[in-house]
**Q** 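Sharing a structure, written as structure tokens. Questions coming.
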Protein chains: 2
Amino acid sequence: MKFLLIEDNRELAHAIASRMRIDGHVIEHAENLEDATAFVETGEYDLILLDIMLPDGDGRVFLKKHRAGNLDTPVIILTARSQVSDRIGSLDLGADDYVTKPFDHAELEARCRAVLRRKAGKSQTIFETGGIVFDPVAGVLSVRGENVNLRNRELRLFEVLINAPRQVFSKQKLADRLFSYDEDASENAIEVYIGRLRKHLIPSDLKITTLRGMGYRLDYEG
Amino acid sequence: MKFLLIEDNRELAHAIASRMRIDGHVIEHAENLEDATAFVETGEYDLILLDIMLPDGDGRVFLKKHRAGNLDTPVIILTARSQVSDRIGSLDLGADDYVTKPFDHAELEARCRAVLRRKAGKSQTIFETGGIVFDPVAGVLSVRGENVNLRNRELRLFEVLINAPRQVFSKQKLADRLFSYDEDASENAIEVYIGRLRKHLIPSDLKITTLRGMGYRLDYEG
DNA sequence: GCCAACCTGACATGTACCTGACATGTACCT
DNA sequence: AGGTACATGTCAGGTACATGTCAGGTTGGC
């Protein structure tokens, strides 16, 4: 997939871009509306990530023009938490979703996937294996029919793992995905979440395996 | 579901369309009667949203022709509050419902759902679970046989929740559904409604669960 | 046996949330 | 118009819970 990222904060932009690249997407990056317009006119994108506050104008103006030009590329707005009213206005202008900063990368990825899936006409997002049912969008997990209340971080962690079962994630990688770019936590925090998540999964056939010095992996069958 | 939106105010049209798209519907948009006629002749729609005042004529004329052509696609009229008499005439012409501007998106969605359900033969619009009976269209809730007077906002909130029980709604998402595009309220407002709604539900087996940092969820069984 | 990596119960902390009370506006009645 | 009643959103103070850290225990590798 090819994404266009319109964001003037370079640090944040790099953080997003590198994460997306890890997922195998191609990212092009514009720092202002002028560049963004040029990009859109010359290239095809599957998704646009748009900041509201930009040095040469309001992102919503760009969005409005974009939609007026009959382009239906999905747009996800990146907005600061304080700009609450922006949010509402943005949806009205034709944005497909919005994410408030600071955000978890996992959340951004989830929303990107959801929007792309919606555009593709598919709607099912639910995982159903090894005695569990998990809907990351609704935020619902049930183990052996019993509903489990995952806390925010546990949920995000589980989503990362179940999206790539049998893959090894280092603690560093998990931390990058769970914490937004301005948060900072020790690696021990990850160990704690893994422990808490394991408890929830005990009745199921899913198991988180520790690979010493390498990381964690989600496995089927106890 | 595929909807046709006939509305000449672009800002409003975009607002409606984007909300509907988030719900997973496909929206096509005509700005005048000529385009609308072309759309209807070439496509199948599950629902038509029709503005009365259009640049090239009266929406009711379109409605009349549409019904004369033996097409039974449900039609919901969008009308300004001042045009009260219009409303009455529209129902006689075969509209299935009407919504007066300005309207909450939640209200529009509710009426869309209601009309679609009615057309699908499931004339049941009434929820009956866990000791409550709820008719969202009439706006009547009774808990354990006792009639409860829900206020407008409480009603809308309850409708959102009961339409997707066990699903988690963030405060932002609820706010977006409860407030129309030009309103703006703090997230605390949502907390207050949740609290008020909870009080009403105490005698029933329905319960609103708080998921810290994530949102709220309607659960069955106290 | 020793060190490092990992696990885990318990706790401090901030923050998300709750709630009673109030200010404001809107609808309805006369 | 004027008044009353009610719905609605804000605020402040209090509470409870998610979260990350720590310390001491456990495991695994060498």
Side-chain angles (χ1 to χ4, degrees), chain A residues 81-82 84-85 88 100 102-104 106-107 139 141 148-158 168-180 182-202 207-217, chain B residues 81-82 84 100 102-104 106-107 139-141 148-159 161 168-180 182-202 207-218:
Chain A
R81 184 159 291 171
S82 58
V84 187
S85 55
I88 294 161
T100 53
F103 50 80
D104 292 356
E107 181 178 359
L141 170 70
V148 176
N149 279 345
L150 285 191
R151 293 180 274 206
N152 208 353
R153 284 271 142 88
E154 294 163 11
L155 194 122
R156 294 272 155 69
L157 174 60
F158 189 52
V168 180
F169 291 92
S170 71
K171 271 185 281 200
Q172 187 56 53
K173 203 154 239 161
L174 290 175
D176 284 351
R177 295 187 144 232
L178 286 181
F179 299 105
S180 67
D182 57 351
E183 285 173 308
D184 198 21
S186 75
E187 297 208 339
N188 178 254
I190 301 293
E191 296 167 16
V192 173
Y193 304 149
I194 292 283
R196 287 174 182 157
L197 195 50
R198 271 178 177 149
K199 266 186 199 149
H200 292 305
L201 294 178
I202 288 174
K207 203 178 108 189
I208 299 171
T209 312
T210 303
L211 297 158
R212 250 177 183 253
M214 309 187 61
Y216 299 93
R217 186 182 62 195
Chain B
R81 185 161 290 171
S82 57
V84 188
T100 53
F103 49 79
D104 292 358
E107 180 178 0
V140 177
L141 170 71
V148 176
N149 277 343
L150 284 192
R151 296 180 275 213
N152 204 1
R153 284 272 141 90
E154 294 163 11
L155 194 122
R156 295 275 150 68
L157 175 60
F158 188 52
E159 212 211 338
L161 292 175
V168 180
F169 292 91
S170 71
K171 271 185 284 200
Q172 291 192 351
K173 211 147 234 163
L174 290 175
D176 286 347
R177 294 187 141 234
L178 287 180
F179 300 106
S180 69
D182 56 352
E183 285 173 306
D184 197 24
S186 74
E187 298 207 338
N188 178 254
I190 301 293
E191 295 166 17
V192 173
Y193 304 148
I194 292 281
R196 288 174 182 158
L197 194 50
R198 270 179 178 147
K199 266 187 200 148
H200 293 305
L201 293 177
I202 287 175
K207 201 177 109 190
I208 299 172
T209 311
T210 302
L211 296 159
R212 237 166 199 258
M214 310 183 58
Y216 298 94
R217 186 183 62 196
L218 186 69

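Within every chain, numbering begins at 1; the chains are lettered A, B, ... in the order of the sequence lines, protein sequences first and strands thereafter. These numbers were taken from a predicted model, which means no experiment stands behind them.
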**Q** Could you work out which one of C:dC6, D:dT21, C:dC18 sits closest to the side chain of A:A185?
**A** D:dT21
**Q** Below the 4.0 Å mark, does C:dA16 have OP1 or OP2 next to a side-chain nitrogen or oxygen of B:K171?
**A** no
**Q** Is the phosphate of C:dC7, meaning OP1 or OP2, less than 4.0 Å from a side-chain N or O of A:T210?
**A** yes
**Q** Out of C:dA10, C:dA21, C:dC6, which has the shortest distance to the side chain of A:R196?
**A** C:dA10
**Q** Once ring-ring contact (aromatic ring centres under 6.0 Å, His included) is applied, do any residues pair with B:F158, and if so which ones, sequence neighbours excluded?
**A** B:F134
**Q** Sort and list the pairs that fulfil salt bridge (charged side-chain N to carboxylate O under 4.0 Å, His left out) and have at least one residue in residues 187-202 of chain A, not counting sequence neighbours.
**A** A:K171-A:E191
**Q** Toward the 5' end of DNA chain C, which comes first, B:I194 or A:G215, by nearest nucleotide?
**A** A:G215
**Q** Can you measure B:I190 atom CD1 to C:dC17 atom C1' for me and round it to whole angstrom units?
**A** 13 Å
**Q** Given atom CD of B:E191 and atom P of D:dT15, what is their separation to the nearest angstrom?
**A** 17 Å
**Q** Using a heavy-atom cut-off of 4.0 Å across all strands, would you classify B:R198 as base, sugar-phosphate, or nothing?
**A** sugar-phosphate
**Q** Does the pair A:V168 and A:Y216 meet the rule for a side-chain contact (heavy atoms from CB on, under 4.5 Å), with working shown?
**A** CA-CA 5 Å; A:V168 180; A:Y216 299 93; over 6 Å; no
**Q** Please determine if a side-chain N or O atom of B:Y216 lies less than 4.0 Å away from the OP1 or OP2 oxygen of C:dA16.
**A** no
**Q** Identify all stems in which DNA chain D takes part, counting only runs of at least 3 consecutive pairs (Watson-Crick or G-U wobble, each distance under 3.5 Å), and give each as one range with another, ordered by first number.
**A** C:1-30 with D:1-30
**Q** Sequence neighbours left out, what passes side-chain hydrogen bond (donor to acceptor under 3.5 Å, both in side chains) with A:R217? Give chain and number order.
**A** A:D219
**Q** Does C:dG20 have its OP1 or OP2 closer than 4.0 Å to a side-chain nitrogen or oxygen of B:K199?
**A** yes
**Q** Sugar-phosphate means primed atoms, P, OP1 and OP2; the rest is base. With that split, encode nucleotides 23-30 of chain D 5' to 3' as B, S or - using protein heavy atoms under 4.0 Å.
**A** B---BS--
**Q** Rounded to whole angstroms, how far apart are CG on B:L197 and P on C:dT19?
**A** 13 Å
